[in-house]
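Any value given below was found using the heavy atoms of this structure, including those in side chains, with hydrogens, waters and symmetry copies removed.
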Amino acid sequence: MEITINKTSDCRVELKATVPAADVTAMQDGIVKSLAGNARIPGFRPGKAPKSMVLKRYAAEIKEELDARLRSDIQEKTLDENPELKVLDFGDVKSNVEEDGSYVLTSTLMTVPDFELPEYMGIEVTLPSTEVTEAEVDESLNKYAESAAKHVAVERASATGDVVVIDFKTTVEGKPTAEYCGKPVGFMEGREDYWVTLEEDRFMPELAEGLVGVSAGESKDITAVLKEDFPISDLAGKEVVFHCAVKEVREKQVPEVNEELFSTALPGKTMAEIRDLVRENLKSNKERSNDEAKAEQISDQLADQLNFELPESLVERENENTVQRKMYAAIQAGNYEAAKDMDALRVEALQETKRNLRVYFALQEIAHREHVVATDQEMIEAIANMAKQARENNLKSFVRKLQREGRMTGVRLSVVTSKVLDLLARNAKVTVAE
């Protein structure tokens, strides 16, 4: 295989690779042999069909697999032979099998811009203590007891903290809500056996506040003014009257914290043993949180010392990813207005995108200097996790998919980035906050 590279600008490199015909044929023969072992072709027993028949019947599959393997091999060899070449993207790859049987690939690579790396060993970070107090253990045990609480019907007027079970219907300007909107509006039309928890900061606070002091068997009309960003636009900012029939008042009863409470989850454990387990769990959580905080502080301090130009096309592409993440997080938090002004959101996300890219490049440069690499086992574990998240059961098929899409390099860089952050975290100067 012959590979030539030619740098055309700070962030662009022209790549040309030629694979000899003999190597192409050998790789194709390997693919055909693998297919032939399981090929079912009429007139032949499985695995007994001649090579020519397999080539003809599976021509498209063989061509696709051959191209994917050749591209992957070229990318791997390009990086191996040019360790100083920090490739971000192999670009729009063009490939072709020549008349003599050789395989030729050309592409314009996007590379990391040149920059000066700041001091990265011994970065100072400040973290909270991971010690666990008895008060924290008590709080955790009490939360568990709260999760096991039952709501028991009582014969009294409701109070804050109770649950009130109601049947309700709604009206707007004297009309049933669906009639007012001219269409079905689901929950806002009414419900039977609806549980309302009488607590502050509820989705519809007027409803919870209006049900304080009611008893079973009573009826009450409660007016609520919906927010301007209410998901059903026809009702945004409108006064909605809830016509409520109170069926039950239920009191929250929290069980006592004792061995019996934990008998199912931790059978046979004494309270002293349970407290020890809770303490260990809380300490592990604090350590995990500190690991994340340490990585964030290290990244922030690197970012503060990095300021270099980035490829515009890369920034634009990555900024769209940042915008999508921000929009999804906003919607998850109940902010349905986030998507209304996408241009403003892109501007807002731009600095974060540039910051993340610069830190990412710095971590890759540190990996190069410190000889941090992704082992085969680490790659297998990373790909297996990706396959699990994508619900891909066939790992080999998933690997081929990553190769076809040119994502293997990205996986390797992701593993390396994580290892570099671990290296910097181990060498950081940690101050424990008071």
Side-chain angles (χ1 to χ4, degrees), residues 75-76 79-80 83-89 111-132 279-308 310 314 318 321-322 325 329 352-390 395 398-399 402 407-433:
Q75 291 178 2
E76 291 289 337
L79 296 176
D80 288 343
E84 79 290 346
L85 193 64
K86 306 175 187 70
V87 179
L88 296 173
D89 189 344
T111 59
V112 176
D114 295 329
F115 63 92
E116 185 176 342
L117 191 64
E119 181 58 46
Y120 53 84
M121 288 297 189
I123 293 176
E124 296 183 2
V125 297
T126 303
L127 302 172
S129 170
T130 58
E131 294 304 309
V132 179
R279 190 178 295 105
E280 290 171 11
N281 187 54
L282 290 173
K283 186 174 181 64
S284 295
N285 288 341
K286 287 189 174 188
E287 289 172 347
R288 185 163 52 251
S289 178
N290 273 7
D291 287 342
E292 294 173 358
K294 189 186 292 185
E296 186 66 26
Q297 289 184 39
I298 289 170
S299 297
D300 285 342
Q301 292 195 46
L302 285 175
D304 290 342
Q305 301 176 71
L306 297 168
N307 186 22
F308 52 89
L310 298 161
L314 176 65
E318 289 303 313
N321 294 332
T322 306
R325 287 197 304 271
E352 180 180 332
T353 298
K354 290 181 177 180
R355 176 258 190 206
N356 290 342
L357 284 171
R358 290 185 179 117
V359 171
Y360 178 74
F361 295 154
L363 294 177
Q364 294 302 322
E365 177 61 21
I366 294 170
H368 176 67
R369 291 194 185 184
E370 301 294 332
H371 309 291
V372 178
V373 296
T375 65
D376 290 342
Q377 182 60 36
E378 288 166 340
M379 286 292 290
I380 290 170
E381 291 174 1
I383 293 169
N385 287 332
M386 291 174 65
K388 184 178 179 180
Q389 291 176 0
L395 191 58
F398 186 68
V399 169
L402 294 179
R407 294 167 59 192
M408 292 297 288
T409 300
V411 176
R412 188 178 298 280
L413 292 176
S414 179
V415 171
V416 169
T417 299
S418 179
K419 291 182 70 174
V420 171
L421 277 172
D422 287 343
L423 171 67
L424 299 186
R426 289 195 302 271
N427 287 276
K429 295 179 181 178
V430 180
T431 299
V432 178

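- Atoms OG and CG, on S289 and L282 in that order, are 12.0 Å from each other to the nearest 0.5 Å.
- Contact of the V430 side chain with the K294 side chain is registered, since non-hydrogen atoms from C-beta on lie closer than 4.5 Å.
- When all heavy atoms of V125 and A428 are compared, the pair lying nearest together is CG2-CB, 4.3 Å.
- Between I366 atom CD1 and L421 atom CG the span is 8.5 Å, to the nearest 0.5 Å.
- The distance from the CG atom of L395 to the CE atom of M386 is 11.0 Å, given to the nearest 0.5 Å.
- In this structure, the separation between CG on L357 and CG on L306 is 11.5 Å, given to the nearest 0.5 Å.
- Smallest separation of non-hydrogen atoms from F361 and P113: CE1-CD, 3.9 Å.
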| query | Do L310 and K354 pass the side-chain contact (heavy atoms from CB on, under 4.5 Å) test, and can you show the C-alpha distance, the side-chain angles, and the key distance before you say yes or no? | reply | CA-CA 8 Å; L310 298 161; K354 290 181 177 180; 3.9 Å; yes

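- The structure places OG1 of T130 at 11.5 Å from CG of N285, a figure rounded to the nearest 0.5 Å.
- Summarising the local packing, CG of D304 is surrounded by more than 12 heavy atoms from other residues, nucleotides or ligands at distances under 6.0 Å.
- For residues 355-367, the pairs satisfying salt bridge (charged side-chain N to carboxylate O under 4.0 Å, His left out) are K86-E365, E296-R355, D300-R355, E365-R369, with sequence neighbours left out.
- Under the side chain to side chain donor-acceptor pair (under 3.5 Å) criterion, Q389 pairs with no residue at all, not counting sequence neighbours.
- In this model, no donor atom of one side chain and acceptor atom of the other lie less than 3.5 Å apart for Q301 and Q305.
- Under a cut-off of 6.0 angstrom, the local environment of NZ in K283 is crowded, with over 12 non-hydrogen atoms contributed by other residues, nucleotides or ligands.
- Side-chain atoms of E318 and Y360 form no donor-acceptor pair, as typed in the model, at a separation below 3.5 Å.
- Once rounded to the nearest 0.5 Å, the distance linking CD of Q297 with CG of L127 reads 5.5 Å.
- Within the structure, the side chain to side chain donor-acceptor pair (under 3.5 Å) test picks out the following pairs touching residues 412-428 (sequence neighbours left out): Q364-T417, E378-K419.
- By the 4.5 Å heavy-atom criterion applied to side chains, L302 and L424 are counted as neighbours.
- Taking each heavy atom of V411 and I383 in turn, the nearest pair found is CG1-CG1, 4.1 Å.
- Here the closest heavy-atom approach between residue V416 and residue A374 is recorded as CG2-N, 3.8 Å.
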